[in-house]
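So you know, we letter chains A, B, ... as the sequences are listed, proteins then strands, and number each from 1.
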Amino acid sequence: MIIFIVGPTAVGKSHIALELAHCLQGEIVSCDAMQVYRQITIASDKPDNKTLQSIPHHLIDVVSIEEEFNVASYRVLAERAILDIIRRGKIAVVCGGSGMYMAALLDGIFEGGTVDPVIRQRLEAEAKDDLRRLYQRLTEVDPASAQKIKSNDPQRIIRALEIFDATGVPISILQQQRSGLWGKQDMRLIALNRPRHELYSRVEARIDEMFKRGLIEEVKAVRQKKMTTTVSKLIGIPEVSGFLDGQHTIEQAQYLMKLHTRHYVKRQLTWFRRDTRLEWIDLVQTSTAQHTATIIKDLLHERKSSHCVG
RNA sequence: GCCGAGAUAGCUCAGUUGGUAGAGCGAAGGACUGAAAAUCCUUGCGUCCCCGGUUCGAACCCGGGUCUUGGCA
């Protein structure tokens, strides 16, 4: 049995997942694109050591910030961890807010999409020089993708072309082949939400807390190393770096982190709302993790429906 | 108190030689298949401070008022 607990940042997923794991004899599998990095602890809001010791956690601290890591790497490791938990007769509680990582587990990703650093570097340079020409080439080589991808979306244009250049096959053809755990395993997908203003004030409180816990020191340490592009864009690193480099004040860094996290929360909700397989639970200020966990347990014995925790 | 500047979208402002207005930011919604905490898309009727005047017509011109702001006292 697999239970997914997903939702936007700061909704309260971790506590609820922990509570569930405790009472169901489960193990937690993180579904978070940033908690995989060993050196990013405060900025990624990892569970504390005491929590990590009380219940087995997987997919946390699995790579260094200098190593490339992406959905594909995550998919392999997370699926392995989940199947192993099930094999041992326990329940896997998959918890996190990275929608694309969740999708990779549920629906899989296509095979043969390995990133070729040389090709990518070349395309990145070309994109910087003349994105329109790259897009033009995409329309010739892979019209189906060109129709889906906007002409000013460098990331996707580069991705589509790097696959074509490496394999000679349009990415739109390869993408048709995918298969994940959905339909193969017994699972329930629980999505948590809260009133928007509550979500935002929790985000702000969390970021203030990060600074108190030493976020600046963490970013300083991380800057000593050669981190990947992915890590360099994690919320907190560019903003605090801007402060360290004297581009803005610490207050502005905090403001920007809060702003960027609010935007991120919105994108997370957009992603999850689209997936009709999710069962939503609306939390309010007074909802405790224990109470919500109880409701989820009850839900496991019922048919799908939506619930409100008073 | 005197002289000047300003008052336009939640915020910062632009603008119309008079024909009832538009950018950026924010906000909201959306997309998403190996960077995803990424990358991108969509959405702006708002007493153009108030009252009067001129005019076919004023947010724009004129007069008065209120408030904000700079300088001088």
Side-chain angles (χ1 to χ4, degrees), chain A residues 8-10 30-37 40 42-46 63 65 67-78 96-117 119-121 123-124 127 131 135 142 144-145 147-163 166-167 170-180 182 196-197 199-200 203 206-207 210 215 227-240 252 255-275:
Chain A
T9 295
S30 166
C31 183
D32 186 296
M34 299 304 162
Q35 291 184 354
V36 295
Y37 298 107
I40 311 285
I42 299 170
S44 68
D45 203 55
K46 270 180 211 158
V63 286
I65 54 170
E67 296 173 64
E68 289 292 346
F69 189 88
N70 54 43
V71 222
S73 340
Y74 173 80
R75 209 273 273 241
V76 172
L77 298 178
S98 297
M100 193 188 189
Y101 282 28
M102 173 190 80
L105 283 177
L106 292 178
D107 306 313
I109 46 177
F110 71 94
E111 297 296 320
T114 317
V115 180
D116 181 327
I119 296 179
R120 174 166 290 191
Q121 213 166 23
L123 288 167
E124 276 171 355
L131 187 63
Y135 185 72
D142 184 356
S145 289
Q147 204 173 11
K148 274 174 62 180
I149 300 171
K150 293 280 193 303
S151 60
N152 57 349
D153 188 343
Q155 196 163 295
R156 291 196 173 76
I157 295 171
I158 289 170
R159 176 67 186 148
L161 284 173
E162 87 182 355
I163 289 301
T167 65
I171 194 172
S172 56
I173 300 289
L174 295 173
Q175 283 174 340
Q176 291 166 13
Q177 293 285 335
R178 65 193 299 205
S179 158
W182 178 254
R196 192 65 62 91
H197 67 273
L199 228 34
Y200 286 177
V203 160
R206 173 176 289 188
I207 287 170
M210 284 179 184
L215 177 65
M227 58 187 132
T228 61
T229 311
T230 313
V231 174
S232 72
K233 296 195 173 184
L234 181 160
I235 295 174
I237 292 185
E239 296 84 354
V240 171
Q252 284 170 314
Y255 169 79
L256 288 172
M257 273 186 74
K258 290 172 182 176
L259 175 68
H260 295 155
T261 306
R262 285 203 300 272
H263 291 171
Y264 173 49
V265 163
K266 255 171 66 62
R267 275 178 276 132
Q268 286 177 300
L269 284 169
T270 301
W271 184 291
F272 292 127
R273 276 190 292 230
R274 187 176 63 139
D275 196 325

For this session: List for me each residue that meets salt bridge (Lys or Arg N to Asp or Glu O under 4.0 Å) alongside A/Asp153, sequence neighbours excluded, and say none if there are none.
Result: A/Arg156
Write out a two-atom table: protein N or O, nucleotide N or O from nucleotides 38-41 of chain B, distance below 3.5 Å.
unit_1: B/A38; atom_1: OP2; unit_2: A/Arg267; atom_2: NH1; d: 2.2
unit_1: B/A38; atom_1: OP2; unit_2: A/Arg267; atom_2: NH2; d: 2.8
unit_1: B/A38; atom_1: O2'; unit_2: A/Gln155; atom_2: OE1; d: 2.8
unit_1: B/A38; atom_1: N7; unit_2: A/Arg267; atom_2: NH1; d: 3.4
unit_1: B/A38; atom_1: N1; unit_2: A/Arg156; atom_2: NH2; d: 3.1
unit_1: B/A38; atom_1: N3; unit_2: A/Gln155; atom_2: NE2; d: 2.8
unit_1: B/U39; atom_1: OP1; unit_2: A/Lys233; atom_2: NZ; d: 3.3
unit_1: B/U39; atom_1: O4'; unit_2: A/Gln155; atom_2: OE1; d: 2.9
unit_1: B/U39; atom_1: O2'; unit_2: A/Asp153; atom_2: OD1; d: 2.2
unit_1: B/U39; atom_1: O2; unit_2: A/Arg156; atom_2: NH1; d: 2.6
unit_1: B/C40; atom_1: O3'; unit_2: A/Asn152; atom_2: OD1; d: 3.4
unit_1: B/C40; atom_1: O3'; unit_2: A/Asn152; atom_2: ND2; d: 3.2
unit_1: B/C41; atom_1: OP1; unit_2: A/Asn152; atom_2: ND2; d: 2.3

Exercise. Across the strands shown, which category fits A/Arg273 at heavy-atom distances under 4.0 angstrom: base, sugar-phosphate, nothing?
Worked result: sugar-phosphate
For this session: Establish, with yes or no, whether the OP1 or OP2 oxygen of B/G34 is under 4.0 angstrom from a side-chain nitrogen or oxygen of A/Arg75.
Result: no
Exercise. Salt bridge (Lys or Arg N to Asp or Glu O under 4.0 Å) with A/Asp107: which residues, sequence neighbours excluded?
Worked result: A/Arg277
Please tabulate, for the side chains in residues 96-103 of chain A, all donor-acceptor contacts under 3.5 angstrom to protein atoms that are two or more places apart in sequence or on a different chain.
unit_1: A/Ser98; atom_1: OG; unit_2: A/Ala33; atom_2: N; d: 2.9

For this session: May I ask you to evaluate whether A/Lys266 reaches the phosphate of B/A27, defined as a side-chain N or O under 4.0 Å from OP1 or OP2?
Result: no
Exercise. Among A/Arg206, A/Gln268, A/Arg262, which one satisfies side chain to side chain donor-acceptor pair (under 3.5 Å) with A/Thr9?
Worked result: A/Gln268
Exercise. At under 4.0 Å, does any side-chain N or O of A/Ser98 touch on OP1 or OP2 of B/A37?
Worked result: yes
For this session: Return the set of residues passing salt bridge (Lys or Arg N to Asp or Glu O under 4.0 Å) with A/Glu162 (not counting sequence neighbours), or none when no residue passes.
Result: A/Arg120, A/Arg159
For this session: Tell me the stems RNA chain B sits in, counting at least three consecutive Watson-Crick or G-U wobble pairs, each under 3.5 Å on both distances.
Result: B:1-7 with B:66-72, B:10-13 with B:22-25, B:27-31 with B:39-43, B:49-53 with B:61-65
For this session: Indicate whether OP1 or OP2 belonging to B/G30 is found under 4.0 Å from a side-chain N or O atom of A/Thr270.
Result: yes
Exercise. Would one find a side-chain N or O of A/Arg196 under 4.0 angstrom from OP1 or OP2 of B/G29?
Worked result: yes
For this session: Nearest 0.5 Å please: distance from the CG atom of A/Leu174 over to the CD atom of A/Glu111.
Result: 10.0 Å
For this session: With heavy atoms under 4.0 Å as the rule, sort A/Leu259 into base, sugar-phosphate or nothing.
Result: sugar-phosphate
Exercise. Is A/Tyr200 near enough to B/A28 that one of its side-chain N or O atoms lies under 4.0 angstrom from OP1 or OP2?
Worked result: yes
